[in-house]
Amino acid sequence: MILTKAQYEEIAQCLVAVPPTRQSLRKLKQRFPSQSQSTLLSIFSQEYQKHIKRTHAKHHTVEAIETYYQRYMSGVMKDGTAPVLLELANEVDYAPSLMARIILERFLQEREESPPSKSVINSMLRDPSQIPDGVLANQVYQCIVNDCCYGPLVGCIKHAIGHEHEVLLRDLLLERNLSFLDEDQLRAKGYDKTPDFILEVPIALEGHIIHWIESKASFGDECSHQAYLHDQFWSYWNRLDMNFPVTCHHASFNSLSVGRWMKLKHNSISGHR
Amino acid sequence: MAAVLEALLREEVTAAAAVRWLARGVPDAEDAPGEAAALAPLEPLRKEFVPFLLNFLREQSSRALPQGPPTPAKAPGASGGRGALARSGRGVRSQLFPASAEPPAASFGEPPLARRGGGGRRRGPVRERGGRGAGGPEEGGSGDSPPWGGSWRPRASSSPNPSPAEPLNLSNLEEFPPVGSVPPGPAGVKPSRRINPTRVSAERSLSKPKTCFTSPPISQAPSSQPQVLDNSPWGLDLPLGCSSLQEEREMLRKERFKLLHQSPAPVGSALESGLPVPSRTGSLTPEPADPGKVSCQQRLQLVAIVYSSCITENLVPSLFLELFFVLQLLTVRRMVGVEDDDLEPSLGGPLKRPLFQNIHDCVFFAVQVLEHQFPVLSHLDKGTLKLLAENERLLCFSPTLQGRLRDAYEGSTAKVSLLLSSPAQAVSFQPETDNRANFSSDRAFHTFKKQRDVFYEVLREWEDQHEEPGWDFEKGLGSRIRSMMSQLSAASSHSHFVRLFQKQLLQMCQSPSGTGGMALGETPDPDVLSMLGADKLGRLRRLQERLVAPQSSSGPCPPPTFPGWQGFFRDFILSASSFQFNQHLMDSLSLKIRELNDLALPQHEPSEEDGESDVDRQDERKQFASVLLSLRLLAKFLGFVAFLPYRSPDPPPTRELQESALALRNQVPPVLDVLTLLQQGLQNHQAVLTVPWLVEFLSFVDHIAPLLDYYQNVFSLLLKLYRSLILSGESKRRICFLNKLLLLAVLGWLFQIPTVPEDLFFLAEGRPDTLEGDTVALVQGLDTMPVVDQQLLYTCCPFIGELRKLLASWVSGSSGRGGGFVRKITPTSTTALGPQAPRTSQGLQAELAQAFFHNQPPSLRRTVEFVAERIGSNCVKHIKATFVADLVRQAESLLQEQLGEQEQEGGAPAQLLEALCEQICPEGTQALTQGREFCRKKAPEAVRVLLPEETSSAVLRSAEDIAVGLAMEKACSWLSANITALIRREVKAALSRTLRAQGPDVAAQGERRGCSRACEHHAPLPSHLISEIKDVLALTVGPRDPEEGITPEQLETLLRQLKEMLQCRQFLCPISEQQLAKCSVELASFLVADQVPTLGPPGPHRLERGEARGLLQMLLSLWHEDFQVPVPLQLLLSPRNVGLLADTRPREWDLLLFLLRGLVDRGLMGRVEIETCLRSLHQAPWPEDFSEELATLSCLFLAEPQVPGPRLRACELMRPPRGTVLAQS
């Protein structure tokens, strides 16, 4: 499925200042019925992450944290069963899971008089029943299951998608009789940085020579492409081959696509020697 | 300049800040403001600091290494004012073409040993101080510094001035071979009071250039002191004042000489005799050095830090020169005592006190510097490391450094042989270029034939005669060569002859590792081997090395020389003195250089683990070395011929002449576009190939060439490269350490060549701009590959071996015990080694093979060698993949057994590994047999395929046999050396794998199974299901719209899909599975608490009890049958999830009870476990009525009969209760 840039822009337009909740996603689905949920979620997530990156800092000032905490406290004093934390997050335009983290951190700090370790926080977010306060546990849980862009559940979904695509890609390669080395084999050979697959014999795809393949689960807009290029691409380039630096991923530079590997399946692939 | 040093010594400025200041120029943000303030006014002097420091150290050490100026004429400007600048003149360093009356030809005509002395030949000093000896004016025109010694002396000093007052330098190299040895016996020489410094400096004001010996010639401003410029840099004719000074100097020297011989020398009567004192006498016992007696540790440490940092930052012109100097300090034997009034009173500040007050100071300083330079030291050859590690002074001053050196020595495999072997063989007839069709006429063809014969005749004669005394090349061969050259009339004949000449040159002169017979050439002569055995062969080699290898190259900065056969070719060129020949030769050399320089050397895979690729890497290194050495040889001759017409012993005497020469020659295009080649080399990351030959080429520049625009660019690029090669730093270019070291060594050497102006080094701006190519993304180039080893390093830079000789002579001199370089040689019978020794069949075979190739087209040889190389390499890979892998499997099964036993006995894995290896490794010998078999089978096939169909069967068979032999040799030599280590490594890896596999969660993974073959993987994707369950949970906890809900059918579908997916598992990863397990438990809790909002026919309502039970059943079955990760079932009874019940009214307990029973029935949780959970639940704060109900539930559950059915038992046996393993998700 290839999405044009215009289509992407249109979807992204609808996502400005929308909280990352189940309801928002549902509305999005109604607005774009032709797009799959995973595509929409991926774009949503991508756009929202950009938004959070821009605004992240202002939610982490001492004053902001204090204000949020006080508002949370007075909220749950009034009614512990109301979605206090979730509404607070939506109101200040911040991701519910991240808000939950702020409040949890602040809460533990007050209790234990020392900033809790990151691993403790993470473990409590993953399993709120470890949170010593029942009300807070429920509030945090509510934030996490309702957040569709951040939080341990979303993280797990993304990881699962990544893994699934890798498996799909491997199957496609096997099906096409393309000989490859996967990450584990590469690591065993001593490569320090490895893409998902290196083709033992390069192939030509749409006039490009493809030497290795890295599949990205996240949606590739131009911005994330840049970042990805910066982080990973060059490090592969330096190691693998300077002559055949073509990657095949989820989305390409000019035409955004979910699962570029699909093209691999449908396009004619010529073996290349 | 001294101001900086003073500030440092006064601790106004930290050493680190000073170095930053030096390297970058601007005070850093890191510097304290005080430091910045102290350094800021000194900014204009920054460039002068390094030369100042170097001279300062040389001068300070002059009493320890008395070869230097007796009393340094101190520039009064210790404050380092601009005044020092005005006096700066050019220091002269080594003289390649000494300023003697000899014609250049003769100067080239001499073997290096004889020429070494430069102006004062034979009288030549023995000891290089490796110093830019503070050649102040009172040094006069001395020949007392070796012109080639790398000392920085005024150029004016090059006039020969045989001074009688130089007894200490008289020793002669032939008699006392190791040059660069210890300070001779000026022990007890006291600096003569007769040399009145004040007077001298008074004289100076009248005299010649205010040459500050410490400074490089910065002030070139012609307007201010024109005559300075006319004379000082080139200075043959000294100004009047100077020559009178010269006389004075002479007188002083004589006085000093007398004093020396009158003064009672405590040791060494030889000194008193006035006879030449050998540079290295065993009788001269060194003063002991004691770390406790160091006079001012802190000062020395500071200076050592600054000095080391200058070395590390490549601010000094030659790394190895400095190392040599430091080692000289380390091995100082004796030191002239200090007398306070010797010191110049005008000096103030901390510099007043001499830096080295006694021998202890010298050694302490040296050891300090060596500590900083450990990385370089550790890359020296094994012999040097041994000598360093055994140096008792080092041990005494820094046991840590000694320990590190010892470790480095023990770990080092860098045995370096300086032996040059020269397989003299004629270039065979090359049909493709040498046949009649390539000549214009029959006559030309026959002329060439004759010339070829004459050429070899001349060569053979030279071979026989050139070492005989009295034989002269020109006299013996000159006329024959010239008459032969005169017959070469047609241009084409010239090119033929040049081709022959060049090929012969390459064949004969390319040093040790040789080109041609890659394996044939290297194997020890089998005859000798069979006679002596491998062990003795090594000794024989070493002996041969000592006898044959040039004992001394000439100090740490030798001039370019033409050793061995190269001498013939040089003399041939000179005697032929044919313009046409030279031109053709240059063309041909240039072409060949370009060809070799562009040769794509194979690149191995980036980071494959060692092991198998070692074989290839070895070959790569060999190939690289061979190409590099060829290039250097060709470039050397190209440089020699190209600059020959411009060469003169002295620089142009006047600036006008120089200017006009510059103007003229700026017009002429360079013989080879080395600038472009250099730029390309840098861009393509193969500086390590390009720079070494370029340096050879440039080492022959005449005095004018470096000033030409074109070569200035070349030099400045080289300088930038030099500065950027920080050894310790992880540079962006990622050049291997030894590659860097080679580059530094050759460049450092180049900067010491006398015709290369030294201001080039110090005047250029400190920091390197980014080198071209830096901006390009990192690529794999030769630079980043370990192509240089110590052997190549020492072959290219024999002067590094001087370090070893220096240390060796210390050993021999100091303790008199054996060992070291100059051990006595016990003569043994040589009859067995005579030329008539019977040849073994093996040796004969090798020669036959050589002969065979000689008469075949070169492609045959290339093919055979290529096949041998590849098959050898493949053989190793094959053995690794089959034989070694089998052994490892064997080891693994053994390990499994032993692990079982071990559980009873309890032994450490390390011992286990040892035991295993002992058991397995002996079998490694079979690898050789298998390897041979492999080669025997594969090599002939490959040869047969690769050679032309028409090859005669006899030739084919021979080629096959040779290929098999070579391949076997290659594979077996690698295998026998490495097989044990390889097996050990693999077994170790297998062991750690197995041990890891013993871990608890991996055991669970072992049980993991995929879907059946028939499965088409149509189950929903895990990510989708997580997302779905997440939605249900979100809906459940709200907030939700009033009409929102989920139908029981939807829930059922979800659980069914979950089951399908868990059975397919194609796309499942453990993390997803864990998350799904956790979510399913949470879903169960919500079902139990009846909180899932369901949509029924009339709208939102609650699930019917039956539906809920059905769903719970499905969940129980999922947990029981489908999940393969631990399910966190205990969460069902966590206060939070049970607490959900508290909110519902009326409370429904029977679903919980149902679930608990289900858990127990299916063996998912034990009763005891549930009991514990329930009990701990009571501790939570509940509403009172809830607590009561909970208690009732507990009673109810516990009261049930504990009769596990047979199914349950079976389950418990098969898999332990899941709940006991907590999911850590």
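Proteins get letters first, then strands, A, B, ... in listed order; numbering begins at 1 in each. Computed over heavy atoms, backbone and side chain alike; hydrogens, waters and symmetry mates excluded.
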Please name the pair of heavy atoms, one in [X] and one in [Y], separated by the smallest distance, quoted to 0.1 Å.
X: B/Arg1136; Y: A/Ala137; answer: CD-CB, 3.7 Å
X: A/Pro152; Y: B/Gln1075; answer: O-OE1, 4.3 Å
X: B/Pro1022; Y: A/Glu164; answer: CD-OE2, 3.0 Å
X: A/Arg22; Y: B/Pro1039; answer: NH2-O, 3.1 Å
X: B/Val1037; Y: A/Gln142; answer: O-NE2, 2.9 Å
X: B/Leu1068; Y: A/His163; answer: O-NE2, 3.5 Å

Practice task
Let me see the working for B/Asp1041 and A/Gln23 under side chain to side chain donor-acceptor pair (under 3.5 Å), right down to the final yes or no.
Solution key: CA-CA 9 Å; B/Asp1041 300 336; A/Gln23 282 89 347; 4.8 Å; no
Exercise for the section: Output the option from A/Leu25, A/Ile131, A/Asn138, A/Thr21 having the highest count of non-hydrogen pairs under 4.5 Å with chain B. Expected result: A/Asn138
Handout entry: Region of B/Ser1027 in contact with chain A, defined by heavy-atom distances below 4.5 Å
Key = both
Problem - Structural part of A/Ile144 lying under 4.5 Å from a heavy atom of chain B - result: backbone
Exercise for the section: Go through the atoms of A/Arg26 and report whether side chain, backbone, both or neither lie under 4.5 Å from a heavy atom of chain B. Expected result: side chain
Nearest 0.5 angstrom please: [X] [atom1] to [Y] [atom2], how far?
X: B/Phe1067; Y: A/His165; atom1: CZ; atom2: NE2; value: 9.0 Å
X: B/Ser1072; Y: A/His159; atom1: OG; atom2: NE2; value: 7.0 Å
X: A/Ser129; Y: B/Leu1133; atom1: OG; atom2: CG; value: 11.5 Å
X: A/Ile157; Y: B/Glu1028; atom1: CD1; atom2: CD; value: 10.0 Å

Exercise for the section: Check whether any side-chain N or O of B/Lys1078 sits under 3.5 Å from a backbone N or O of A/Arg126 as a donor-acceptor pair, and report yes or no. Expected result: yes
Exercise for the section: Could you tell me whether the side chain of B/Lys1030 and the main chain of A/Asn146 form a donor-acceptor pair under 3.5 Å? Expected result: no
Handout entry: side chain to side chain contact (heavy atoms under 4.5 Å, CB included) between A/Cys156 and B/Leu1076, intermediate numbers included
Key = CA-CA 10 Å; A/Cys156 185; B/Leu1076 281 167; over 6 Å; no
Problem - Closest-packed option against chain A by number of heavy-atom pairs under 4.5 Å, given B/Ile1029, B/Leu1131, B/Asn1137 - result: B/Leu1131
